[in-house]
Amino acid sequence: MFVLPQSLQHNPRVHLLLRVTGSGEFFMGDRTSDLGTWENESPPPGFYLSRNYITTRAAWQLFWQGHRNTLSQPCHWVMVIAQRS
């Protein structure tokens with residue numbers, strides 16, 4: 001679950017990447033629409049909630065590289081917002 005700026009919600013040129021320490025970047029797939037609230041929490045004005053998943057291929061690659069537990073610790077990964085020109 002991520003909080004993203006509202007300006008990115010309907011922009012087809014924007015993609016989310018997951019940068020994992022020691023493994024590179026992985027495409028996170030399509031973004032979901034605005035989820036509104038989640039567990040009684042709503043995003044601040046100008047932002048929306050989005051649920052994103054990594055692809056199966058990326059998950060297997062992380063597993064075979066020995067990074068099985070890396071994603072469970074947020075200090076080892078970061079979400080990157082990339083825009084195609």
Side-chain angles (χ1 to χ4, degrees):
M1 186 71 62
F2 297 99
V3 177
L4 299 172
Q6 196 77 29
S7 61
L8 302 179
Q9 187 171 10
H10 300 292
N11 189 342
R13 294 175 37 191
V14 172
H15 296 287
L16 301 179
L17 302 173
L18 183 70
R19 184 177 292 157
V20 180
T21 304
S23 288
E25 294 179 346
F26 301 94
F27 177 64
M28 290 189 62
D30 295 329
R31 288 170 281 159
T32 61
S33 60
D34 188 0
L35 297 175
T37 62
W38 184 68
E39 293 187 2
N40 298 324
E41 296 290 330
S42 54
F47 292 87
Y48 73 103
L49 292 176
S50 177
R51 181 176 297 181
N52 301 83
Y53 300 96
I54 62 170
T55 61
T56 303
R57 179 176 294 186
W60 274 110
Q61 186 175 351
L62 287 168
F63 177 79
W64 289 114
Q65 289 179 355
H67 296 283
R68 179 171 63 195
N69 296 322
T70 301
L71 295 180
S72 64
Q73 301 170 354
C75 63
H76 294 295
W77 60 268
V78 65
M79 184 183 69
V80 178
I81 300 171
Q83 185 169 357
R84 290 187 287 168
S85 53

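Below, all heavy atoms of this structure are taken into account, side chains as well, without hydrogens, waters or symmetry copies.
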- Task: Walk me through it: do Ile81 and Leu16 pass the test side-chain contact (heavy atoms from CB on, under 4.5 Å)?
- Result: CA-CA 5 Å; Ile81 300 171; Leu16 301 179; 3.7 Å; yes
- Item | Partner set under side chain to side chain contact (heavy atoms under 4.5 Å, CB included) for Pro44, not counting sequence neighbours |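 Once residues adjacent in sequence are excluded, the partners of Pro44 under the side chain to side chain contact (heavy atoms under 4.5 Å, CB included) criterion are Val3, Phe47.
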- Message: Trp64: which residues meet the side chain to side chain contact (heavy atoms under 4.5 Å, CB included) condition with it, sequence neighbours left out?
- Response: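 So Trp64 forms a side chain to side chain contact (heavy atoms under 4.5 Å, CB included) with Trp60.
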- Message: Minimum heavy-atom separation for Pro5 and Tyr48, please, with both atom names.
- Response: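 Result for this residue pair: O-CE2, 3.3 Å.
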- Message: Within this structure, what is the CG-CE distance for the pair Leu4 and Met79, rounded to the nearest 0.5 Å?
- Response: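 Between atom CG of Leu4 and atom CE of Met79 there are 4.5 Å.
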- Query: Under the side-chain hydrogen bond (donor to acceptor under 3.5 Å, both in side chains) test, which residues partner Gln65, sequence neighbours left out?
  - Reply: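 Once residues adjacent in sequence are excluded, the partners of Gln65 under the side-chain hydrogen bond (donor to acceptor under 3.5 Å, both in side chains) criterion are Ser23.
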